[in-house]
Amino acid sequence: MRSKITVVGAGFVGSTLVQRLAERDYADVVMFDIVPNMPQGKALDMLQAGPVLGYDSLVTGTNDYADTANSDVVVVTSGFPRKPGMSRDDLLKKNQEIIAQVTEQVVKYSPNTIMIMVTNPLDAMAHVALHVSGFPRERVLGMAGVLDTARFRTFIAQEVGASVRDVQAYVLGGHGDTMVPLSRMCTVAGVPIAQLIPAERIEQIVQRTRDGGAEIVKLLGNGSAYFAPSASALQMVDSIILDKKMILPSAIYLKGEYGINDLFVGVPAQLGAKGLEKVIEVELSEQEQAALHKSAGAVKELVNVMGM
Ligand SMILES: NC(=O)c1ccc[n+]([C@@H]2O[C@H](COP(=O)([O-])OP(=O)(O)OC[C@H]3O[C@@H](n4cnc5c(N)ncnc54)[C@H](O)[C@@H]3O)[C@@H](O)[C@H]2O)c1
């Protein structure tokens, strides 16, 4: 039987992800949104690309959670963007409500599913999903690190004129201004970047990575990134559905790893058929450890604002 994947939220990130999943051709995909008819229209459009691109994935658009029943993986991208006059805390509370409602429905119809959260603020929304679902932490993951790392890898590859495939990197921490790109461990075909790029230039690239989302928001003028975010969520789904056991930087609910407890923070994690299979504990320098704890502190502040 083919796997079943649901994507909640058929906006920019959600619908681009559904298209990418359909092209992978290993699962049937359900796209849910509250806007009437819109997911149905997008799904029909994608189905009709199948004969041209050669995929048989059944893509269904719906406004009814019953259609999502028994999904193996559910990716949650539903949420509101920040509107003029809205504070970050207002947005946080609005999306908290949405994620709580969405999670209740997801759990009702797919009690054994693995959830991948995408909605921002990412680490806080993953926290909501974990607590509302009552799932073990192995089945609630957050997507941010793959994207932040991809941005870092892109800039490094451009800087040295290398293939992006040869650039290995990790960005840890929360998804925000306090993320921690581990430049010490970044290599190009095994060569540490410190041997290839001057220190001050690495610092500039680290800063550009931190501002990666904002740079795109500014250029777009309306909306935020979705091509790289959907590709990043796809890689996590791949590793789970195909049981590839890839080690991907993911937001994980930590229970003592890295000295952090009861918070979602981005760390290297092995993902497979069971969801989270292992948290990889990399030895960090004192400075890196301090930066990671500062990042966890920023996540904690959001959790406090949500009253959780
Ligand atoms: N984690 C990351 O790295 C990352 C990267 C990019 C975007 N994001 C986040 O992903 C989210 C989606 O971004 P987007 O560009 O696709 O936004 P979007 O506005 O295009 O799409 C959001 C969709 O959610 C739907 N929605 C709203 N309330 C809903 C509900 N209760 N149930 C179901 N659907 C509902 C809306 O109708 C809309 O179609 C945002 O929160 C964004 O900040 C996260």
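Whatever order the structure lists ligands and atoms in, that order sets their numbers, starting from 1.
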Suppose we measure from atom 34 (N) of ligand 1 to each protein heavy atom; which comes out shortest, and what is that distance? Ser78 CB, 3.3 Å
How far is atom 21 (O) of ligand 1 from its nearest protein heavy atom, and which residue and atom name does that atom have? Gly11 CA, 3.2 Å
Quick check: are there more than 12 heavy atoms from other residues, nucleotides or ligands sitting under 6.0 Å from CD of Gln168? no
Using non-hydrogen atoms of the residue, decide whether Met38 is closer than 4.0 angstrom to ligand 1. yes
Would you mind checking which non-hydrogen protein atom is closest to atom 22 (C) of ligand 1, with the distance to 0.1 Å? Gly79 O, 3.6 Å
Is there a donor-acceptor pair closer than 3.5 Å between any side-chain N or O of Glu277 and the backbone N or O of Ala273? yes
Could you check atom 11 (C) of ligand 1 against the protein and tell me its nearest heavy-atom contact, residue, atom and distance included? Thr77 O, 3.4 Å
Numbered atoms of ligand 1 (with element) below 4.0 Å of Val35, judged on heavy atoms: 37 (O)
Just to be sure I'm reading this right: ignoring hydrogens, which of Val217, Val7, Leu17, Ile34 gets closest to atom 32 (N) of ligand 1? Compare them by their nearest heavy atoms. Ile34
Check whether any side-chain N or O of Thr113 sits under 3.5 Å from a backbone N or O of Asp72 as a donor-acceptor pair, and report yes or no. yes
Any N or O on Phe12 sitting closer than 3.5 Å to an N or O of ligand 1? yes
Taking Gln289 for the side chain and Tyr258 for the main chain, is one N or O donor matched with an acceptor at less than 3.5 Å? yes
Check whether more than 12 heavy atoms from other residues, nucleotides or ligands sit under 6.0 Å from atom NZ of Lys108, and answer yes or no. no
What pairs with Asp90 under side-chain hydrogen bond (donor to acceptor under 3.5 Å, both in side chains), at least two apart in sequence or on another chain? Ser87
Pairs of nitrogen or oxygen atoms closer than 3.5 Å, one from Asn120 and one from ligand 1: do any exist? yes
With Arg139 as the cation and Phe135 as the aromatic partner, state whether NZ or CZ is under 6.0 Å from the six-membered ring centre and within 45° of the axis. yes
Taking only non-hydrogen atoms of Ala225, do any sit less than 4.0 angstrom from ligand 1? yes
Applying the salt bridge (Lys or Arg N to Asp or Glu O under 4.0 Å) test to Asp238, which of Lys244, Arg20, Lys245, Arg24 qualifies? Arg24
Heavy-atom contact check, 4.0 Å cutoff: does Phe80 meet ligand 1? no
Where's the contact between Leu147 and ligand 1, heavy-atom distance under 4.0 Å: side chain, backbone, both or neither? side chain
Tell me whether Asp33 has any N or O atom under 3.5 angstrom from an N or O of ligand 1. yes
Where does Tyr226 meet ligand 1, judged by heavy-atom distances below 4.0 Å: at the side chain, the backbone, both, or neither? neither
Return the minimal non-hydrogen interatomic distance between Met46 and Ser15, and the atom names on each side. CE-O, 3.2 Å
Answer with side chain, backbone, both or neither: which part of Leu122 has a heavy atom less than 4.0 angstrom from an atom of ligand 1? side chain
In terms of side-chain geometry, is the basic nitrogen of Arg2 or Asp25 positioned less than 4.0 Å from the acidic oxygen of its partner? yes
For atom 31 (N) of ligand 1, grab the closest protein heavy atom and report residue, atom and distance to one decimal in Å. Ile98 CG2, 3.5 Å
Who pairs with Glu23 by salt bridge (charged side-chain N to carboxylate O under 4.0 Å, His left out), at least two apart in sequence or on another chain? none
With nothing but distance in play, are any N or O atoms of Asn95 less than 3.5 Å from an N or O of ligand 1? no
Hydrophobic clustering (ILVMFWY, side-chain heavy atoms < 4.5 Å, transitive) - are Ile34 and Leu17 grouped together? yes
Is there a protein heavy atom at a distance of less than 4.0 Å from atom 3 (O) of ligand 1? yes
Short N or O distance, Val13 and ligand 1, threshold 3.5 Å exclusive: yes
Determine whether the side chain, the backbone, both or neither of Pro229 has a heavy atom under 4.0 Å from any heavy atom of ligand 1. side chain
Looking only at distances, can you tell me whether any N or O atom of Met143, backbone or side chain, sits closer than 3.5 Å to an N or O atom of ligand 1? yes
Shortest protein heavy-atom distance from atom 44 (C) of ligand 1, along with the residue and atom involved: Val118 O, 2.9 Å
For Gly266 and Asp123, work out which heavy atoms get closest and say how close. N-OD1, 4.5 Å
